[in-house]
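These figures come from a predicted structure and were not determined experimentally.
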Amino acid sequence: MKKIAINIIIISMLFSCTDELDQIPLTNKELSIFLRTETEVEEYVNATYAALQSNSLYGLYLPAMGEIPSDNTFDEVPANDAAVYGDMDEFKTIPANGIVADNWRGSYIAIQRCNVVLSRIDKVTFKTEATQKARVGEMKFIRALMYFNLVRFYGDVPLVVDETKDPNVFFGQGRTAASLVYEQVIKDLNESIAVLPATAVPGRVVKTAARALLGKVYLTQKNYTKAKAEFDAVISANVHGLLPSVADVFSLTNENNKEIIFSVQFAAGLNGNTEGSIMYQQFAPSGTVSGAKGHNLPTKELYAKYTDADTRKGVYVALTPGGVPFNNKLKRPTVITDGASDVVVLRYADVLLMQAEAENEIGNAVAARALLNQVRSRAGLTNITSTGQDDLRKAIELERRLELIGEGHRWLDLLRTGQAISVMNSWFAGNNILVTVAQKHLFLPVPQGQIDTDPAIKQNPGY
Amino acid sequence: MKTFTIKKWQVLLGCLFLFCSVTRGQSGNPKISGTVTSENGELLAFVTVKIESTDGKIIQGTTTNESGIFSTTTLKAGSIYNFFFSYIGYETAVVRGYQVNEGAGGSILVRMKTSASNLDQVVVIGYGSQQKRFVTGSVAKIGGDQLASYSAGNFAQQLSGKAAGIVVNDASGQPGSNPQISIRGIGTLTAGRNPLIVVDGFPLTEGTSFNYINPNDIENLEVLKDPASAAIYGSRAANGVILITTKKSKSEKTNVTLDVYTGFQQKADKVEYVDAYDAAIYFTEARDWGYVSKNPSARSVTDDRATRIAKGASLRELPLNYLAPYLSKQPGLVNTNWLDEIFREAPMSNFNLAVNGSSAKSSYYASFNHFNQEGIIINNGLKRYSATFKLDSEVSKKVNFGLSLNPSYTTQRFFNFNGGFDEPIGMVTAMYPFFRPYNEDGSLAISQQIIANGPEDGALIENPVAAIKMTTNNRNFFRLFGNTYFNYEIVKNLKYKFLLGGDFASSNFDFYNPSNLGAYRTPAPKPAAASETNGTSNNYLIEHTLTYTKKIGEHDFNLLAGYSFQKENTKSTSITGTNIADDNIPNVAGASAFTAIPERDRWVQVSYLTRLQYIYNQRYIASATYRTDGSSRFGSNNKWGKFPSLTAGWILSKEKFFPKQNLVTFGKLRATWGKSGNNQIGSYGSLALITGGNGANNYVYGSALAPGFSASTTPNPNLSWETNTSYNFGADLQLFNRIDLTAEYYNATTSDLLLDVPVPQQSGFATSLQNIGKIRNTGVEISLGTNGINLGAVSWTVNGNISFNKNKVLALAPGQTQIISGGSSNIITKVGASVATFYGYQVTGIFKTQEELNSLPKLPGTLLGDYIVKDENKDGVIDTKDWIPMGAYLPKFTYGISNVFAYKKWQLTLSIAGVEGRKIFESNFATREESGEGFAMPTKYYFEHRYHPVNNPDGFLGQPNYGNFSAARRSVRASDKFIYDADFIRLRDAQLSYNLTGALLAKAGISAARIYVGGNNLVTLTKFRGYNPEATTGSVLTSGQSVSNYPVARTYLIGCNINF
């Protein structure tokens, strides 16, 4: 009895389970053993596109950031949602603003996903090399788009183009000069133009998208010749064009039409309503739908600029029964938080107007006028006849407001053309609102959280 | 640290009585006889009686006979003698200076008191036990009956104030909530903060709910406070270890005890909102000033609605359309006090039946418990049914084994109190008194405020009474834990123990929100929402230990060696249903589309442990422990943690030089050093996890869904436990044999803090989990205990403790000087300061004139009626550089006093717990009730003290403003206006009881019965105006941020304990 007991004890005490100490996650994949196959790389690429759908980017905030400070749109109830929109509308944005914090973070999440794919894709064998090249081009395009947005909204921003192995190395690194960021943007876009296909499945980046974006970068830098070259290439590629009817451009049944060069995709009713956006609800006038917040509403002044002949009136911007203008490019979803409208980033009409701007600045007034009139005549308007550079400037500017309302361009246009302060100050004065726009407002503040985390990141002046 | 159990017999009975009477002896010497009894009058046989002459010479030794009587005829008349009575289990009784009278006999009656010295108590220390007098570490022992004076569903609530160094924060009074237990301050920032709970040797998984342990089953609870004591639990012990010993049979007789109480609870806080008439004034002021302040020169408060719209007013600048009758003070209008509607007096009851006994070689203990606590918020509460079965059996002198099982079933009507507009306390902050909870026909009024407030964008809140009553939010838990052990004495002094423990838990959460109920900003009907979460976990422990004890002369050795293996698997599935056609099936089954999120988790721990305890001459004590833990949670480069400790003690009072006197009857000095770890870092924290398959990662090309996956965390193969290294110095004194005094100093440094460090976001991540940083906690603890002081006929037992703690962050991540947290980014964990220190502006007044506004430095966006804040750094600019530290939630000191007064059959217990030097950031007040933003309901305090140039020109709180609520006002949320003193003194429990006796009871088969009336939290003295002065969040970094914290109830109870 005693011997048996002792033996059992000794044997059982020798029993050891140290092998059990290596446990792998049961319901998660792990990065060190991921992106080894084409399928896995594609999953990461999908997640990179998905980052663009985030509320921090094209899911909600970017269209508002690009327009709400301008005279195109305003915030119906400025105090709503901790005044994150209201403050931007009224140039009271504080460094702790939630939109700013989310947008900054969301941009770098998207960038890092690009970096991960780009750092690993070369080691993976794809069934067709063209697919692999296309994915490289798509990632470089998305990275360039993110940096282009960041540099326009915030000025100097940290520049990272490698996969993060240790996040601690970024402490003390600070912001990179905007000029260097632009260099990287141009480099990425040129490299992506080299490998992207002319056409692809809906939603994916194509060569013309990269060219259109590069043109826009040059336009922003006032490099009109280079801008013109890119826009020419987009136009002559002949894969895009204006739709005959403005009603078809944003129709849910006609998404990814030939006028759309690049859009961030949304769809309703998928996977538990997780692929739609809440933008419709957030941008609907108060009381019109449940949870409506009245953010980023078109102003009455803008609505008044659509003449009765303009086919875009009531199609791009419509009125509620109460007479409040709203962005009708966003289509009302069945489940109010699951909007299916894609968010257009680059559109042929935008390219035509940018090309018109480039031609006009170079001095090709006739060419500029023709491009402008393409957009006008599609909207049922008569042609502009003047060839005066300044007349055309004003006409192009107005056309951009009317054509691109709600797509997040106007504030960036004002910044690009250097009119932000003068236009907005006269607008506020005209509307009897005590707001003065100053030089500091041309950049958003860097998120306070980032400065708190790493004092090497300095705040923009004036904040 | 010392505490001890108060036994009724200690307090109810006096100590020693001496009666002398004179009788004449038969022989030459007088015959002296005596009777020795116990305190309750039992005759004590075989008591050793020693008689000494006054010069210390032993005259005679004898014993009492079976009737407890002794006699002697050897004492000389006229001489004086001292009598010493000793008997195992009793304190030595002494009769001094007894003079034997010439020619006369004598009789002595002695009542012996049961041995009561706390020093002889056995203290459980983890993998063993030790006499209190030899304990060198810092171990608090609290008896089950000491806990039971606070009637509650879990022991953690009962623990508040009962021992030094243990702070219990009852942050939510929601039935079933688990209070936070902080042992010796806070030693972690983002890892788990839960102490390890060990029930009869079985360590429950960290963070386990306390509700599954029936407090009535607890015999004793020991808290291992210093890492040296806790080191034997290695990587799980840094937050302290709570050892629970459950009751077992104490006698051969079958005992049946019944404990029953019932009572009611009520809201006892200071939160009060204004009534409808004052609310109407407030909302009107806020909307008017919002309108006018946007452009005072062009706008006037007298502008009517149409004029305001024409001048570009936003919705929030228009007057609410239905307030006119209220403003004209028309009587009899709807005037609902919503706090009264959602709060109630709620019943609480407990039924506990325990049976124990033993036969020849086996003993058993069984209990059945039903605990029912309704919440003080309607439709909220907890019911628990639980049982305990224990069996211990001695197979032979060398072999014994036992088994215990603890099944329980708990149901909870639950709300997630997070301040949102879908939970009762969040909703009621913005529910206007102009609306009724019920329609005339008694049905619930739905969406009235949402509809009425729509045109002017007031608070669009659903009726909270309807939301509470119509929403299903049930949680059920089944749990079974227990263990079985087998002891075998291999050879003399060498004992082997095998322990197999198991814990199985399953839970089911059921949520349904019907379509005919509105939601924030959404009037009914809306799509119904439904979800269900089912989880199971199993955990098992295998442990082998060998203990060898040996005494060689004056050397006592005790050697322990052991091996332990523990593994836990958890699984859960959350199912969310959408497209719910109607409200016919009020659960997730009514949906027609589902998304499911499955989660699984597993951890494994393998440990080797050893301990040597050594005592020399009952005087010098030393021990050393070493434990090494391997954990699946740790990164591949750091799989094994090592946790040593050393302790030493010196019992001074045993030394020859220690003067023999009655003042200091025991004295001990002790010191410990040790390391322990905190492994609550998540099971896969060291890995860069890929998440996806969800909305944030999937994409849709056209309409084709494409699954996406991406990294959600950064990798860290070095990730490991947090290490707490500490020193503890203590002194124990016993005075007059009955007053125990303990003083301790500790210095504990946690290094390798597990920090989810905010990292520069250009990394693609917001935070990264790392072992970085250091925190130090230092403190002094003093406790005092007595065994019953006689104040005339009243016996008084008092236990008191006071603990001072100082917390200091020594380091964070490289280059990181602070971690900023909290809803207003003003809770800062900074190197050199205490964890989670509040910062804010100092408000010095209100801008009442344009001249002030023009001349004084001010926050950006400041309007008239906003706050003047102090330009602390005098740079002419108001920004966060003007913030000053304003204290922290972590208290400077805490104290507790427990009293038991006994008088004949009456007994009164009073326990007080107090906290000093605590601050709370009332974020609900800051953003809603006292913000002055005309959205939420104002408190009476705010309304009375708000500034309004006409209606209340002397007010000192910011002017109500809605449509133009300024960025400055939002910034002032971080200010002394919302950081409150939350010191409190609480009469934690009070109980008056009476012991029933008499023939009638005996006839009913009742051997003892006690009835009592009492209550919990009957008195709370605090300046704090929010719901709960213990309010805090789960995260250490936002400690003391109050958001909809459920108030702790005041409770009145009546109950009885009956022994059959």
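- Ranked by heavy-atom pairs shorter than 4.5 Å toward chain B, the options A:Val201, A:Asn256, A:Asn271 are led by A:Asn271.
- For a residue to count as touching a neighbouring chain, one of its non-hydrogen atoms must lie under 4.5 Å from one of that chain's; by this rule B:Glu933 touches chain A with the side chain only.
- In this structure, the portions of A:Asn28 lying under 4.5 Å from any heavy atom of chain B include both its backbone and its side chain.
- With chain B as the partner, the residue from A:Ile111, A:Ile94, A:Asn168 showing the most heavy-atom pairs under 4.5 Å is A:Asn168.
- Only the backbone of A:Lys165 comes within contact range of chain B, with at least one heavy atom under 4.5 Å from a heavy atom of that chain.
- Both the sub-6.0 Å distance and the 45° axial angle are not jointly satisfied by A:Arg113 relative to the ring of A:Tyr44.
- The candidate from B:Pro527, B:Ser966, B:Ser683, B:Ala696 with the greatest count of non-hydrogen atom pairs under 4.5 Å with chain A is B:Ala696.
- Using a 4.5 Å cut-off between heavy atoms, A:Glu76 touches chain B through backbone and side chain atoms alike.
- For A:Phe266, the part lying under 4.5 angstrom from a heavy atom of chain B is the backbone only.
- Of the atoms belonging to B:Lys567, it is side-chain heavy atoms, and not backbone ones, that fall under 4.5 Å from chain A.
- Of the atoms belonging to B:Thr595, it is side-chain heavy atoms, and not backbone ones, that fall under 4.5 Å from chain A.
- In this structure, the portion of B:Tyr684 lying under 4.5 Å from any heavy atom of chain A is its side chain and not its backbone.
- The aromatic rings of B:Tyr563 and B:Tyr608 lie tilted to each other, with the angle between the two planes from 30° to 60°.
- Taking every heavy atom of both residues into account, A:Asp338 and A:Gly269 meet most closely at OD2-N, 2.6 Å.
- Contacts of B:Ser703 with chain A are made by backbone atoms alone, with heavy-atom separations under 4.5 Å and no side-chain atom involved.
- Contact annotation for A:Ala110: neither backbone nor side-chain heavy atoms come within less than 4.5 Å of a heavy atom of chain B.
- When heavy atoms are compared at a cutoff of 4.5 Å, B:Tyr962 approaches chain A solely by way of its backbone atoms N, CA, C and O.
- Here the closest heavy-atom approach between residue A:Ala292 and residue A:Pro285 is recorded as CB-O, 3.3 Å.
- With a threshold of 4.5 angstrom between heavy atoms, B:Lys294 approaches chain A through its backbone and through its side chain.
- B:Thr927 has its side chain within reach of B:Arg973: a pair of non-hydrogen atoms, C-beta onward, lies under 4.5 Å apart.
- The ring-ring contact (aromatic ring centres under 6.0 Å, His included) search around B:Phe965 returns none, not counting sequence neighbours.
- For A:Gln265, the parts sitting under 4.5 Å from any heavy atom of chain B are the backbone and the side chain alike.
- In this structure, B:Ala313 and B:Glu317 approach most closely via the heavy-atom pair CA-OE1, 3.3 Å.
- For a residue to count as touching a neighbouring chain, one of its non-hydrogen atoms must lie under 4.5 Å from one of that chain's; by this rule A:Asn80 touches chain B with backbone and side chain alike.
- With chain A as the partner, the residue from B:Asn579, B:Thr691, B:Asn698 showing the most heavy-atom pairs under 4.5 Å is B:Asn698.
- Using a 4.5 Å heavy-atom cutoff, the side chains of A:Ile433 and B:Asn295 are not in contact.
- For the options A:Ile109, A:Asp75, A:Leu434, heavy-atom pairs under 4.5 Å to chain B are most numerous at A:Leu434.
- For the pair A:Pro95 and A:Gln459, the minimum side-chain heavy-atom distance is below 4.5 Å.
- Between B:Tyr496 and B:Tyr488, a ring centre-to-centre spacing not shorter than 6.0 Å is recorded.
- The ring of B:Tyr699 has its center closer than 6.0 angstrom to the ring center of B:Tyr701.
- If you measure heavy-atom distances from B:Arg316 to chain A, the contacts under 4.5 Å come from the side chain alone.
- Considering only heavy atoms from C-beta on, A:Tyr49 comes within 4.5 Å of A:Glu138 through its side chain.
- Per-residue counts of heavy-atom pairs under 4.5 Å with chain B were compared for A:Ala267, A:Gly449, A:Pro158, A:Ala200; the largest is that of A:Pro158.
- Of the two parts of B:Leu689, the backbone and the side chain both hold a non-hydrogen atom closer than 4.5 Å to a non-hydrogen atom of chain A.
- In this structure, the portion of B:Asp601 lying under 4.5 Å from any heavy atom of chain A is its backbone and not its side chain.
- Between chain B and the residues A:Glu43, A:Gln448, A:Glu90, the largest count of heavy-atom pairs under 4.5 Å involves A:Glu43.
- Using a 4.5 Å cut-off on side-chain heavy atoms (C-beta onward), B:Ser572 and B:Thr570 make no contact.
- For an aromatic pair to be called close, the ring centres must be under 6.0 Å apart, and B:Phe498 with B:Phe486 fails this.
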From CA spacing to verdict: side-chain hydrogen bond (donor to acceptor under 3.5 Å, both in side chains), B:Arg969, B:Asn961: CA-CA 10 Å; B:Arg969 286 287 278 280; B:Asn961 192 331; over 6 Å; no
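- Proximity of B:Gln605 to B:Ser564: side-chain heavy atoms (C-beta onward) are nowhere separated by under 4.5 Å.
- Highest contact tally toward chain B, considering only A:Thr453, A:Leu270, A:Val160, is held by A:Thr453 [criterion: heavy-atom pairs under 4.5 Å].
- Within the 4.5 Å cutoff, no side-chain heavy atoms of B:Lys497 are placed close to those of B:His544.
- The side-chain heavy atoms of A:Arg143 and A:Asn115, taken from C-beta on, include a pair separated by under 4.5 Å.
- Residues of residues 758-765 of chain B lying within less than 4.5 angstrom of chain A, judged on heavy atoms, are B:Pro758, B:Val759, B:Pro760, B:Gln761, B:Gln762, B:Ser763, B:Gly764, B:Phe765 in numerical order.
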